[in-house]
A.B. asks: 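Just dropping this structure here.
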Amino acid sequence: MLGQLIPCGGGDAIPLLGRKLLIGRRSSCDIKLDFPNVSSHHCELEFRDGHWYIRDLGSSNGIKINGERCSDSPLSPGDEVCIAKHSFRIEYELDAAAAAPERESTFARSLMEKAGLEVQRPEKSRMPEGSGKPPGRKQSRRVASEDDFIMDWLSD
C-alpha cells in the first residue's frame, strides 16, 4: 500500500494500491466516488519520485488542496484534498531520499495566464493628441468587441 485517503467526515480509509489511480463516478475508476457532483473521470492521483501528485481531468467541480483550488499539485502527507466538496486527508510515508516537490504559489501566474489567455500588456504611453483613443493594443486572442471592452476596462 502506497498510502491512503481518509474521509474527513468519517468513514473507511481508501487504500492507495497503485502508482496511478483514476478517481471519478464511473465504475471503471480505480477509486469510485458515487456522488452526482463528482465527474465521471474527475481527477488522477500519481505516485512518482516518492510523492503523490493530483491532477484535475477537466472536471466540472474541480479539486482543492488545503482549501485552494488547483488543476495539478504535489501532495504532502496530511494535506486535505477536496474532490467536488468531498474532503479527504492523504496519508503516506515520505521517501527520505526524495526531494520535496514545490507547490506553485497561488499568485505566481495571473488568472489570464492560468486560463490560457495570454495578453500582451501595452507599454504605458500617452494617447495621441486629438484621437481620444489609446494607442492600438496587441492581443494574442481576439473574439469580439466585448472582449476589447473588457480588456480596456481591466488595463485602466
A.B. asks: Grab the two heavy atoms, one from Arg69 and one from Ser60, that are nearest each other, plus how far apart they are.
C.D. replies: NH2-O, 4.2 Å

A.B. asks: Would you name the heavy atoms of Cys70 and Ile65 that are closest together and state the gap between them?
C.D. replies: SG-CG1, 3.4 Å

A.B. asks: Of the non-hydrogen atoms in Ile6 and Ala13, which two are nearest, and what is the gap between them?
C.D. replies: CG1-CB, 4.2 Å

A.B. asks: Which pairs pass salt bridge (charged side-chain N to carboxylate O under 4.0 Å, His left out) with one or both residues in residues 82-93, sequence neighbours excluded?
C.D. replies: Arg89-Glu91

A.B. asks: Distance-only, no hydrogens or angles: does the Ser87 side chain make a donor-acceptor pair with backbone N or O of Cys8 under 3.5 Å?
C.D. replies: no

A.B. asks: Kindly determine whether Ile54 and Val81 satisfy side-chain contact (heavy atoms from CB on, under 4.5 Å), including the steps that lead there.
C.D. replies: CA-CA 9 Å; Ile54 190 166; Val81 178; 3.6 Å; yes

A.B. asks: Shared ILVMFWY cluster between Leu17 and Leu21, side chains joined below 4.5 angstrom?
C.D. replies: no

A.B. asks: Carefully, step by step, assess Leu2 and Trp52 under the rule side-chain contact (heavy atoms from CB on, under 4.5 Å).
C.D. replies: CA-CA 9 Å; Leu2 297 171; Trp52 279 103; 3.6 Å; yes

A.B. asks: What distance do Ile14 atom CD1 and Ile31 atom CD1 have between them, rounded to the nearest 0.5 Å?
C.D. replies: 5.5 Å

A.B. asks: Please report the shortest heavy-atom distance between His41 and Leu22, naming the atom on each side.
C.D. replies: CD2-CD2, 3.3 Å

A.B. asks: What pairs of residues pass the side-chain hydrogen bond (donor to acceptor under 3.5 Å, both in side chains) test when at least one of them lies in residues 13-37, not counting sequence neighbours?
C.D. replies: Asn37-His86

A.B. asks: Who passes side chain to side chain donor-acceptor pair (under 3.5 Å) against Ser59, sequence neighbours left out?
C.D. replies: His42, Asp56

A.B. asks: CD1/Ile90 to CG/Leu45 distance, rounded to the nearest 0.5 angstrom?
C.D. replies: 5.5 Å

A.B. asks: Membership question, hydrophobic clusters at under 4.5 Å side-chain separation (ILVMFWY): are Ile63 and Leu57 in the same one?
C.D. replies: no

A.B. asks: Could you go step by step and tell me if His51 and Leu94 meet the side-chain contact (heavy atoms from CB on, under 4.5 Å) rule?
C.D. replies: CA-CA 7 Å; His51 296 278; Leu94 279 175; 3.3 Å; yes

A.B. asks: Can you tell me how far NZ of Lys64 sits from CG of Asp79, rounded to the nearest 0.5 angstrom?
C.D. replies: 15.0 Å

A.B. asks: Between atom CG of Leu33 and atom CG of Leu5, what is the distance when rounded to the nearest 0.5 Å?
C.D. replies: 8.5 Å

A.B. asks: Might you point out which heavy atoms bring Ala84 and Asn61 nearest each other, and give the distance in Å?
C.D. replies: CB-CB, 3.8 Å

A.B. asks: Using only atom types and a distance under 3.5 Å, with no angle test, would you say the side chain of Tyr92 pairs donor to acceptor with the backbone of Leu75?
C.D. replies: yes

